[in-house]
Each structure stands twice: as C-alpha cells, then as structure tokens.
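Below is one structure; the comments refer to it alone.
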Amino acid sequence: MMKRMLTLMGLLGLSLASIWAQVFPIYDFESATLGQQEVMFRAPRFSGSTSSFLAATPNLSIVSSEQNHTSGGSQSLKVSWQFTGATNAWLRLTTFNANVVPNPALDFAYLLVFYIYVPSGTPDFYITLGVRDNGTTAPIGGNGGTTGGIEWVGSTTGAPPTGKLINQKDQWVQVVFDFSTDPIRNFAGGNGVLDNARGTLEHLAFKPVDPAQVGPYTLYLDDFAQIPEPASLSALALGVAGLLLRRRRRQ
C-alpha cells in the first residue's frame with residue numbers, strides 16, 4: 001500500500017511539475033537600463049484615444065528602482081499621470097511599438113498575470129486589458145504586431161471600461177486576466193468575442209473610480225507572465241483523486 005501511494009504521489013509531482021513548467025515569462029524589467037523610458041508601455045499621453053483626458057504632466061513610463069517585485073531583482077516600470085477631471089476620463093496605456101518588448105504576443109489558453117504596486121495617496125481605479133484578437137504566430141512575449149481589432153478583457157462596461165478594482169495600497173497585488181471566464185467587450189474593430197487562439201497585449205486601460213479624483217496617479221508594474229489556467233490544475237486533481245479511489249476499491 002505504501003509503495004502504491006508513493007508511486008501515485010510521484011506521478012502527481014511529475015504532473016504538477018509539467019503544468020508549472022508551462023509558465024511563460026513575458027518581462028520583468030530587470031534587463032532594461034535604469035531610467036529607460038517607454039519599455040513595454042508607451043508614455044501615458046502617447047495614445048490619441050485618451051490623451052485629451054490627461055494633463056500635460058506628469059507623463060511618465062520609466063524603468064525605476066523605487067519598487068520591485070521580482071525575487072532578487074531591483075527594477076519595475078513606474079507609470080504616472082493626472083486626469084483633467086472629465087467625467088468619462090480613462091487612460092489607454094499602450095504597448096504600440098514600445099521599447100524592448102513591443103506589442104507582446106499572448107496565448108489565450110493561458111492566464112495573463114502581472115503585479116502592480118500603488119503607493120498611498122494614489123486614488124482607486126479600475127484596470128482592464130486591451131488585446132488585439134489577431135491570431136499572431138509570434139511566441140508568447142514576442143512581437144505580435146499592431147494590426148487587428150481590439151477587445152477589452154475584464155470590463156463590465158463599454159467606454160470608459162470598468163475592469164478590476166485596484167484599491168490596495170503600499171503592497172504588491174497580483175492582477176489576473178482569464179480569457180476563458182472574464183467578460184469580453186469590443187473596443188475598436190472587434191466584435192466582443194475572442195475569435196482567435198492567440199493575440200497581442202495592446203494596452204492596459206485605467207479608469208478612476210471617482211472622476212473627481214484627478215490624481216496624480218502613480219503605480220509600478222512588474223513580472224508579466226502567462227501561466228496555466230485553474231482548469232488544468234482542477235482536471236489534474238480530479239484525475240489523481242480518481243486513481244486513488246480506484247486503488248482503494250481494488251483492495
């Protein structure tokens with residue numbers, strides 16, 4: 001009995017290792033030059049879709065050593081902007097031909113995860129993911145291109161998008177987008193459906209919870225990656241449970 005249990009545990013360990021080996025890092029800002037601007041994401045006022053909602057300053061997208069989430073690392077991307085006070089204000093923080101990691105490709109079969117740090121004093125906001133549903137053949141994190149309709153992932157409304165609430169301060173918070181369960185809405189040239197298996201991370205959308213809170217808004221982004229969705233782990237757990245049950249019945 002003990003030998004069988006050890007065998008099953010060994011199989012479980014190998015299966016888990018196989019699943020978690022399917023973690024695809026996209027970028028952690030460690031290889032970028034400290035102070036380099038517009039790495040992975042352009043400056044907040046770059047996008048013409050939302051520049052009219054933003055004050056002239058601050059307008060930062062810069063590699064910083066002020067905060068860091070990476071184990072053993074020292075850098076993250078610092079982003080800072082201020083709204084003008086318009087009731088429909090939002091920010092489209094785009095990856096369009098940015099430095100180092102432009103237009104990163106995604107596989108919609110995996111979760112997109114990253115970490116965000118918001119200092120106290122920054123107002124609460126919602127965050128939504130904008131993806132080009134273009135069927136790119138680039139590897140995860142590679143240049144997925146700048147064409148194709150853009151869908152919003154995680155928003156419960158149209159423009160301005162109301163995504164995941166970010167209200168925790170002075171700590172790193174994991175943000176997760178699940179392409180199989182999060183709501184999908186059209187932003188530009190899309191249809192509210194992910195028609196392809198792969199696409200491109202086009203932007204992160206930020207909407208103030210209270211439009212009267214113009215900011216400034218300051219945050220840090222780090223450790224973008226894709227990982228298996230929970231269904232993969234659930235299926236594995238059920239499979240192992242079934243094996244254990246069958247073993248018991250045979251005894």
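A quick note: this is a predicted structure, and the numbers were derived from the prediction, not measured.
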Seminar exercise, completed: Note: Pro211 and Ala86 closest approach over all heavy atoms is CB-O, 3.9 Å
Problem set entry | Donor-acceptor contact present, side-chain Asn103 to main-chain Gly144, <3.5 Å | no
For this session: Apply the test side-chain hydrogen bond (donor to acceptor under 3.5 Å, both in side chains) to residues Ser74 and Asn68: give CA-CA distance (whole Å), side-chain angles for both, the deciding distance (0.1 Å), then the verdict.
Result: CA-CA 5 Å; Ser74 61; Asn68 172 258; 5.8 Å; no
For this session: Side-chain contact test, heavy atoms from C-beta onward, threshold under 4.5 Å: evaluate it for Ile116 versus Tyr220 and give yes or no.
Result: no
Exercise. With a 4.5 Å heavy-atom cut-off, do Leu60 and Pro44 have their side chains touching?
Worked result: no
Exercise. Are there more than 12 heavy atoms of other residues, nucleotides or ligands under 6.0 Å from atom CD of Gln37?
Worked result: no
Exercise. Between the side chains of Thr200 and Asn134, is a donor N or O closer than 3.5 angstrom to an acceptor N or O?
Worked result: yes
Exercise. Is it the case that one hydrophobic cluster holds both Val101 and Phe114, taking links as side-chain heavy atoms less than 4.5 Å apart, direct or via other members?
Worked result: yes
Problem set entry | Joint cluster assignment, Leu221 & Ile62, ILVMFWY side-chain distance < 4.5 Å | no
Exercise. Do Arg92 and Ser49 have side-chain atoms, one donor and one acceptor, less than 3.5 Å apart?
Worked result: yes
Problem set entry | Whether Ser80 side chain and Tyr217 backbone form a donor-acceptor pair below 3.5 Å | yes
Exercise. When clusters are formed by joining ILVMFWY residues with side-chain heavy atoms under 4.5 Å apart, either directly or through shared neighbours, do Phe187 and Tyr126 land in the same one?
Worked result: no
For this session: Show your reasoning for whether side-chain hydrogen bond (donor to acceptor under 3.5 Å, both in side chains) applies to Asn191 and Asn186.
Result: CA-CA 5 Å; Asn191 59 3; Asn186 173 45; over 6 Å; no
Exercise. If every non-hydrogen atom of Pro208 is compared with every non-hydrogen atom of Ala89, which pair is closest and at what distance?
Worked result: CD-O, 3.4 Å
Exercise. With distance as the sole test, does Asn196 use its side chain to make a donor-acceptor pair with the main-chain N or O of Arg198 at under 3.5 Å?
Worked result: no
Problem set entry | Verify same cluster id: Ile184, Val193 (apolar side-chain graph, 4.5 Å) | no
Exercise. Any sub-3.5 Å donor-acceptor pair from Arg132's side-chain atoms to Leu201's backbone N or O?
Worked result: no
For this session: Identify whether NZ of Lys or CZ of Arg in Lys78 sits under 6.0 Å from the centre of the six-membered ring of Phe29 and within 45° of that ring's axis.
Result: no
Problem set entry | Side-chain heavy atoms of Pro104 within contact of Thr95, under 4.5 Å | yes
Exercise. Would a distance-only check, ignoring hydrogens and angles, find a side-chain to backbone donor-acceptor pair under 3.5 Å from Thr157 to Pro160?
Worked result: yes
Exercise. CG/Asn167 to CG/Leu165 distance, rounded to the nearest 0.5 angstrom?
Worked result: 4.0 Å
Seminar exercise, completed: Between Leu54 and Thr84, the two heavy atoms sitting closest are C-CG2, 3.6 Å
For this session: Rounded to the nearest 0.5 Å, what's the gap from NE2 on His69 to CH2 on Trp172? Could you check?
Result: 7.0 Å
Problem set entry | Side-chain touch Val209/Pro123, heavy atoms, less than 4.5 angstrom | no
Problem set entry | Pair Trp90 and Trp81, ring centroids less than 6.0 Å apart | no
Problem set entry | Whether Asp182 side chain and Val153 backbone form a donor-acceptor pair below 3.5 Å | no
Problem set entry | Donor-acceptor pair, side chain of Ser64 and main chain of Leu77, under 3.5 angstrom | no
Seminar exercise, completed: Between the OG1 atom in Thr50 and the NE2 atom in His203, the distance rounded to the nearest 0.5 Å is 8.5 Å
Seminar exercise, completed: Rounding to 0.5 Å, atoms OG (Ser76) and CD (Glu30) come to a distance of 8.5 Å
For this session: Applying side-chain contact (heavy atoms from CB on, under 4.5 Å), run through Val175 and Val113 and close with a yes or a no.
Result: CA-CA 6 Å; Val175 181; Val113 300; over 6 Å; no
Problem set entry | Under 3.5 Å donor-acceptor, Glu151 side chain and Asp133 backbone | no
Exercise. Tell me, do Asn97 and Thr146 make a side-chain contact under 4.5 Å, heavy atoms counted?
Worked result: yes
Problem set entry | Heavy-atom side-chain proximity of Phe46 to Phe96 below 4.5 angstrom | yes
Exercise. Quick one: which of Phe24, Phe41, Phe177, Tyr115 gives a ring-ring contact (aromatic ring centres under 6.0 Å, His included) with Phe224?
Worked result: Phe41
For this session: Please report the closest heavy-atom contact between Phe83 and Leu91, naming both atoms and the distance.
Result: CE2-N, 4.0 Å
Problem set entry | Evaluation steps, side-chain contact (heavy atoms from CB on, under 4.5 Å), between Leu194 and Val131 | CA-CA 9 Å; Leu194 293 178; Val131 298; 4.0 Å; yes
Exercise. Under 4.5 Å between any side-chain heavy atoms of Leu204 and Ile127, yes or no?
Worked result: yes
For this session: State plainly whether the residues Lys169 and Asp124 are in salt-bridge range, i.e. N to O under 4.0 Å.
Result: yes
For this session: Can you see which heavy atom on Ala159 is nearest to which on Trp152, and at what distance?
Result: N-CZ3, 3.5 Å
For this session: Indicate yes or no: at least one non-hydrogen side-chain atom of Val39 is less than 4.5 angstrom from one of Thr33.
Result: no
Problem set entry | From CA spacing to verdict: side-chain hydrogen bond (donor to acceptor under 3.5 Å, both in side chains), Lys207, Thr128 | CA-CA 8 Å; Lys207 173 188 172 181; Thr128 300; over 6 Å; no
Problem set entry | Full working for side-chain contact (heavy atoms from CB on, under 4.5 Å) between Gln226 and Asp107 | CA-CA 8 Å; Gln226 287 208 265; Asp107 188 323; 4.0 Å; yes
Exercise. Are side-chain N/O atoms of Thr57 and Asn59 paired as donor and acceptor at under 3.5 Å?
Worked result: no
Exercise. Going from CE on Met40 to CD1 on Ile26, what distance comes out if it is rounded to the nearest 0.5 angstrom?
Worked result: 5.5 Å
Problem set entry | Worked verdict on Leu219 versus Phe125 for side-chain contact (heavy atoms from CB on, under 4.5 Å) | CA-CA 11 Å; Leu219 54 88; Phe125 56 85; 3.8 Å; yes
Exercise. Is there a donor-acceptor pair under 3.5 Å between the side chain of Arg42 and the backbone N or O of Thr94?
Worked result: no
Seminar exercise, completed: When every non-hydrogen atom of Ala105 is compared with those of Thr136, the smallest separation belongs to CB-CG2, 3.9 Å
Exercise. What distance do Gln36 atom CD and Ser31 atom OG have between them, rounded to the nearest 0.5 Å?
Worked result: 8.5 Å
Problem set entry | side-chain hydrogen bond (donor to acceptor under 3.5 Å, both in side chains) assessment of Gln22 paired with Tyr110 | CA-CA 9 Å; Gln22 300 179 60; Tyr110 294 83; 2.9 Å; yes
Exercise. Are the side chain of Ser155 and the backbone N or O of Thr162 linked by a donor-acceptor pair below 3.5 Å?
Worked result: yes
